[in-house]
Amino acid sequence: MINITLPDNSVRQYPAGVTSLEIAKSISEGLARNVLAAKVNDEVWDATRPIEQDAFVKLLTWNDEEGKSTLWHSSAHLMAEAIEQLYPGVKFGIGPDIEAGFYYDIDFGQHEIIEADLSRIEAKILEFAREKQVYTRKSVSKKEALDYFTAKGDEYKLELINDLEDGSITFYESGRFTDLCRGPHIPETGFIKAVKLTSIAGAYWRGDEKRKQLTRIYGITFPKQQELTDYLALLEEAKKRDHRKLGKEMELFMFSQRVGQGLPMWLPKGTMLREKLEHFLKKVQRTAGYQQVITPHIGQKELYVTSGHYDKYGKDSFQPIKTPVEGEEFFLKPMNCPHHCEIYKHKPHSYKDLPLRLAEFGTVYRYEQSGELHGLTRVRGFTQDDAHIFCRPDQVKEEFLGVIDIVLLIFKALDFKDYTAQVSLRDPNNREKYIGSDENWEKAERAIIEAVEEKEMKHTIVTGEAAFYGPKLDFMVRDAIGRKWQLGTIQVDYNLPERFELEYVGSDNERHRPVMIHRAPFGSMERFVAVLIEHCAGNFPLWLTPNQAIILPISEKYVDYAQKVLNLLNNSDLRATIDERNEKAGRKIRDAELSKVPYMLVVGEKEEAEGSVSVRKHGAGDLGTFSVDEFVVLINEAINAELGALAK
RNA sequence: GCCGAUGUAGCUCAGCUGGCCAGAGCAGCUGAUUUGUAAUCAGCUGGUCGGCGGUUCGAAUCCGUCCAUCGGCUCCA
């Protein structure tokens with residue numbers, strides 16, 4: 001007999017070799033019908049795999065993340081089986097579960113596959129699901145594994161097996177399909193009740209651009225039809241928040257084929273919003289000891305030879321700008337740091353001057369691959385809320401703390417709660433890849449980790465993800481449909497100070513090399529505004545929104561009064577417009593509601609007579625009548641409520 | 001750049017397997033109405049059906065190619 005400890009800490013006794021499924025049955029039949037897998041001592045196992053020793057067991061169902069991923073992983077196998085039946089001779093790469101669903105990378109060989117074929121595959125999947133095919137785990141030797149896939153002629157699996165240790169290889173068999181797989185899997189395919197194959201994409205084998213492109217089919221499955229329906233409805237909902245859709249509808253920004261791909265143009269409302277954000281950050285930075293600078297959009301070749309970027313300018317970049325002078329070349333700036341380094345160099349610095357913090361909303365241009373462009377989140381010309389901090393090595397931690405404060409302040413001002421922070425360190429086994437002394441690296445990495453810990457930020461630490469020139473801390477936020485985007489970034493740089501021979505004179509009267517910290521709390525104005533739009537679904541905070549109130553005269557007779565009210569609001573630094581159209585009040589209200597303006601001020605005979613406005617709040621309805629002064633107080637209080645929390 | 005999808009008026013979309021001068025709603029313009037908390041009425045304007053080339057008696061519709069956009073892959077100093 002062995003002891004099985006359940007999550008409630010109760011201990012039950014079972015014969016050795018008991019399966020999680022049997023344990024579930026011993027608790028209740030209903031539970032057993034829902035068990036997809038089990039966590040056995042922190043490892044997810046098949047529910048049908050025998051447990052031979054005392055163990056902690058947690059039964060996993062659709063309500064557990066691991067339960068979902070197990071179902072999806074099994075679904076990938078099922079899809080592979082379906083595809084193999086429909087397209088004999090196809091070869092398989094890898095087919096994992098992902099955050100929402102699964103995919104399988106497949107070499108279709110001679111077969112052509114287009115989206116219209118997906119419904120046929122879906123039907124086959126459901127057909128096989130109903131067969132309640134059992135997933136069977138089998139340990140195989142490396143030789144057996146190689147023999148099997150040699151006979152099958154699947155070179156991708158052979159390559160995978162060759163990288164595996166003999167003795168650790170398992171196959172899973174279900175229905176007519178056998179796959180190299182470490183598992184785990186659901187007990188049988190009958191759990192899969194609904195399937196949607198979402199898209200076809202090309203994907204390079206092993207993520208390597210130089211290797212063959214396989215066909216990746218994405219899908220998602222559910223244990224109930226209703227769950228699929230709900231999921232698709234949720235996706236539709238999310239699309240309504242898409243910044244590309246809202247940006248167009250709300251006239252925030254636009255693109256023009258004639259101007260060029262990936263080159264956004266900010267419309268008046270979007271510009272208003274962006275400038276508000278800029279002013280907000282500039283103010284924060286002023287109090288944090290930053291100094292604004294402005295540098296040109298281009299720089300001479302020599303600048304980039306010094307910075308080392310010239311070598312990276314390939315034929316896949318924007319090409320140099322030629323001048324009438326033979327051999328003279330300028331580049332659109334892909335970053336602001338070289339210019340800022342030159343500013344640092346324009347005079348000698350004492351250790352007492354440091355840190356020197358140079359900030360610039362600097363527009364940069366990068367020739368991103370056409371397929372990579374994406375709304376405002378990935379563009380070819382964008383403005384970084386950049387700053388470079390030149391400091392002594394012993395100041396790195398304090399500067400990190402200061403920048404983290406700014407990032408968190410911004411997130412708070414815009415109510416971003418769902419972000420992740422990632423600390424990227426160098427790969428300790430590959431030190432020659434990185435520039436800078438071991439001592440400085442260790443000091444900086446320690447400083448970053450201490451800084452995030454002091455701020456009690458939840459964060460992940462990833463080794464090997466540092467840039468060659470220094471470790472960094474990045475902030476990521478998700479967009480409406482769950483894609484992660486990097487926004488704020490703080491990076492230590494040992495490279496540019498070296499290349500530009502930056503120096504300061506220490507208290508010892510010797511020359512020393514400063515550390516440079518690149519940082520951009522927004523990341524870029526474009527990407528930040530994109531994510532912001534999706535975050536608030538276009539309902540911007542009052543302090544930020546381009547149009548805080550719209551005045552709605554009941555008829556043309558009251559336009560003059562509306563103008564008076566507008567002047568009063570403008571005098572109080574509020575942003576408002578008038579709907580002067582010859583329309584009924586109901587129409588003006590409807591349009592104002594749809595345009596997401598926070599406050600609507602209805603003015604007619606009564607209001608004109610008593611110098612008041614009738615206030616309606618977006619999404620909330622009529623608030624009653626206020627004098628203009630009272631409304632100014634009301635709206636300012638609302639703004640302070642948003643920003644007041646930032647005082648501390 | 002690669003795989004797949006899409007491209008019809010300023011916007012959202014209809015136009016089936018090729019066949020009357022290419023349609024609707026909204027927006028815009030003109031006129032009427034002077035309006036009280038989510039759409040007033042009438043008339044009018046507006047399209048090289050993404051560009052170019054081809055097949056055909058005839059192309060928005062079929063084929064090729066280029067461009068842009070969308071979902072991914074790769075990339076992201």
Side-chain angles (χ1 to χ4, degrees), chain A residues 98 103 105-106 108 112-118 198-218 235 239 242 244-245 248-249 251 254-258 260-262 304 307-317 333-338 364 366-375 377-380 382 467-469 481 483 485-486 491 493 495-496 518 524 527 552-559 581-595 600-607 614-625:
Chain A
I98 52 176
Y103 66 78
D105 284 347
I106 301 159
F108 274 89
E112 291 261 327
I113 183 106
I114 57 168
E115 266 174 36
D117 299 322
L118 293 181
T198 45
S199 70
I200 297 179
Y204 300 105
W205 171 234
R206 306 207 119 178
D208 185 344
E209 206 178 357
K210 308 264 181 318
R211 305 196 65 179
K212 187 172 166 110
Q213 189 166 56
L214 306 181
T215 302
R216 174 172 298 180
I217 301 186
Y218 284 91
L235 279 190
K239 277 191 198 151
D242 191 310
R244 292 163 298 190
K245 177 177 150 67
K248 191 189 261 183
E249 281 173 9
E251 299 186 348
M254 62 168 281
F255 291 90
S256 147
Q257 279 196 34
R258 211 185 288 268
Q261 255 192 309
Y304 299 104
S307 72
H309 295 115
Y310 183 74
D311 293 338
K312 295 196 172 193
Y313 269 103
K315 57 176 175 31
D316 296 328
S317 307
K333 69 177 175 188
M335 75 282 292
N336 304 298
C337 5
V364 298
R366 300 175 186 181
Y367 193 81
E368 307 290 2
Q369 295 189 69
S370 64
E372 246 314 312
L373 300 172
H374 183 98
T377 48
R378 193 76 188 276
V379 289
R380 285 181 171 167
F382 58 96
F468 76 93
Y469 51 78
I481 59 173
R483 284 179 293 222
W485 293 98
Q486 179 197 310
Q491 312 185 359
D493 187 344
N495 180 42
L496 288 180
H518 310 251
S524 79
R527 183 176 287 179
L552 311 178
I554 287 294
S555 84
E556 286 176 354
K557 286 191 251 170
Y558 309 107
V559 170
R581 291 177 307 166
N582 178 8
E583 292 289 352
K584 289 184 159 179
R587 177 54 184 273
K588 292 185 181 184
I589 284 165
R590 176 185 155 80
D591 289 347
E593 287 282 355
L594 291 176
S595 71
M600 285 148 272
L601 307 178
V602 181
V603 295
E605 188 180 358
K606 176 171 150 252
E607 287 77 11
S614 177
V615 179
R616 181 185 167 104
K617 193 174 175 186
H618 172 69
D622 200 346
L623 297 187
T625 304

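Letters A, B, ... are given to chains in the order of the sequence lines, protein chains preceding strands, and every chain is numbered from 1.
Distance check: A:E583 CD to A:I589 CD1 gives 12.5 Å after rounding to the nearest 0.5 Å. Between atom CZ of residue A:F108 and atom CD1 of residue A:I113 there is a gap of 4.0 Å, rounded to the nearest 0.5 Å. With values rounded to the nearest 0.5 angstrom, A:R216 atom CZ is found 11.5 Å from A:Y204 atom OH.
Between A:Y204 atom OH and B:G1 atom P the separation is 11 Å, expressed in whole Å. Protein atom CZ of A:R590 is 14 Å distant from nucleotide atom C1' of B:U37, rounded to whole Å. Distance A:R527 CZ to B:C76 C1': 8 Å, rounded to the nearest Å. A:Q369 places its CD atom 5 Å from the C1' atom of B:C75, with the value rounded to the nearest Å. When the C1' atom of B:G71 is taken as reference, atom CG of A:L235 falls 12 Å away, rounded to whole Å. If you take CZ of A:R616 and P of B:U37, they are 10 Å apart, rounded to a whole angstrom. Atom CD in A:E583 sits roughly 6 Å away from atom P in B:U40 (whole-Å rounding). A straight line from NZ of A:K239 to P of B:A5 spans 17 Å, rounded to a whole angstrom.
Between A:A585 and A:A203, the residue anchored nearer the 5' end of RNA chain B, judged by the nucleotide with its closest heavy atom, is A:A585. Closest-nucleotide positions on RNA chain B for A:S199 and A:A116 were compared, and the one nearer the 5' end corresponds to A:A116.
When the P atom is used for both B:C11 and B:C70, the distance is 15 Å, rounded to whole Å. Straight-line distance between the P atoms of B:G15 and B:A24: roughly 15 Å, to the nearest whole Å. Nucleotides B:G54 and B:C16 are separated by 25 Å at their C1' atoms, to the nearest Å. Between the P atoms of B:C26 and B:A39, the separation comes to 14 Å (whole Å). The gap from the C1' atom of B:A60 to that of B:G18 amounts to 10 Å, rounded to the nearest Å. The separation of B:C21 from B:A38, taken at their P atoms, amounts to 47 Å, rounded to a whole angstrom. A distance of about 13 Å separates the P atoms of B:U8 and B:U61, rounded to the whole Å. Taking the C1' atom of each, B:G25 and B:A32 are spaced 22 Å apart, rounded to whole Å.
Residue-level contact check: A:Y103 touches neither bases nor backbone, having no heavy atom under 4.0 Å from any strand. Using a 4.0 Å heavy-atom cutoff across all strands shown, A:I589 reaches at least one base atom of the nucleic acid. A:E607 comes within contact range of at least one nucleobase, with a heavy-atom separation under 4.0 Å. Contact annotation for A:G207: backbone-only contact, meaning every heavy-atom pair under 4.0 Å involves sugar-phosphate atoms and none involves a base. Contacts of A:G604 with the nucleic acid, taken as non-hydrogen atoms under 4.0 Å apart, include base atoms.
Counted within 6.0 Å of CD on A:E605, heavy atoms from surrounding residues, nucleotides or ligands total 12 or fewer; the atom is thus considered open.
Nearest to the side chain of A:E593, among B:A38, B:G36, B:C73, sits B:A38. Checking B:U37, B:A39, B:A5 against every side-chain atom of A:D622, the shortest atom distance belongs to B:U37. Here the nucleotide nearest the side chain of A:M335, chosen from B:A77, B:G72, B:C26, is B:A77. The nucleotide whose nearest atom lies closest to any side-chain atom of A:H309 is, among B:C26, B:A77, B:G72, B:A77. Which of B:G4, B:C3, B:C76 sits closest to the side chain of A:A201 comes down to B:C3.
In this view, A:D493 satisfies the salt bridge (charged side-chain N to carboxylate O under 4.0 Å, His left out) rule with no residue, not counting sequence neighbours. For A:K606, there are no salt bridge (charged side-chain N to carboxylate O under 4.0 Å, His left out) partners two or more places apart in sequence or in a different chain. Taking A:D117 as the reference, nothing meets the salt bridge (charged side-chain N to carboxylate O under 4.0 Å, His left out) condition, with sequence neighbours excluded. Partners of A:K333 under the salt bridge (charged side-chain N to carboxylate O under 4.0 Å, His left out) rule, at least two apart in sequence or in another chain, are A:E360.
In this structure, B:C75 makes no Watson-Crick or G-U wobble pair, since no nucleotide meets both defining distances under 3.5 angstrom. Remark: B:U34 base-pairs with no nucleotide in the shown strands. Criterion, Watson-Crick or G-U wobble with two distances under 3.5 Å. The partner of B:C16 cannot be assigned: no Watson-Crick or G-U wobble pair with both contacts below 3.5 Å exists in any strand. A 3.5 Å limit on both hydrogen-bonding distances identifies no Watson-Crick or G-U partner for B:U55. Partner assigned to B:A5 is B:U69, using Watson-Crick or G-U wobble distances below 3.5 angstrom. If you check B:U61 for Watson-Crick or wobble pairing at under 3.5 angstrom, you find it has no partner at all.
Between A:Y558 and A:V603, the shortest heavy-atom contact is CB-O, 4.0 Å. Closest of all the heavy-atom pairs between A:R527 and A:T377 is NE-O, 2.9 Å. Between A:S307 and A:N495, the shortest heavy-atom contact is O-ND2, 4.2 Å. When all heavy atoms of A:C337 and A:L496 are compared, the closest pair comes out as CB-CD1, 3.6 Å.
Taking only distance into account, the side chain of A:E251 never meets the base of B:G10 through a donor-acceptor pair shorter than 3.5 Å.
Between A:K248 and B:U12, a side-chain N or O to OP1/OP2 separation shorter than 4.0 Å is present. Dashed line: the shortest gap from a side-chain N or O of A:R378 to OP1 or OP2 of B:C76 is not under 4.0 Å.
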Using a 4.0 Å cut-off on protein heavy atoms (strictly under), produce a 5'-to-3' string for nucleotides 29-34 of chain B with B for base contact, S for backbone-only sugar-phosphate contact, and - for none. ---BBB

Walk along nucleotides 64-70 of chain B from 5' to 3' and tag each nucleotide B, S or - by protein heavy-atom contact under 4.0 Å, base first, then sugar-phosphate. ---SSSS

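For the pair A:D242 and A:R244, the salt-bridge criterion is met [side-chain N within less than 4.0 Å of a carboxylate O].
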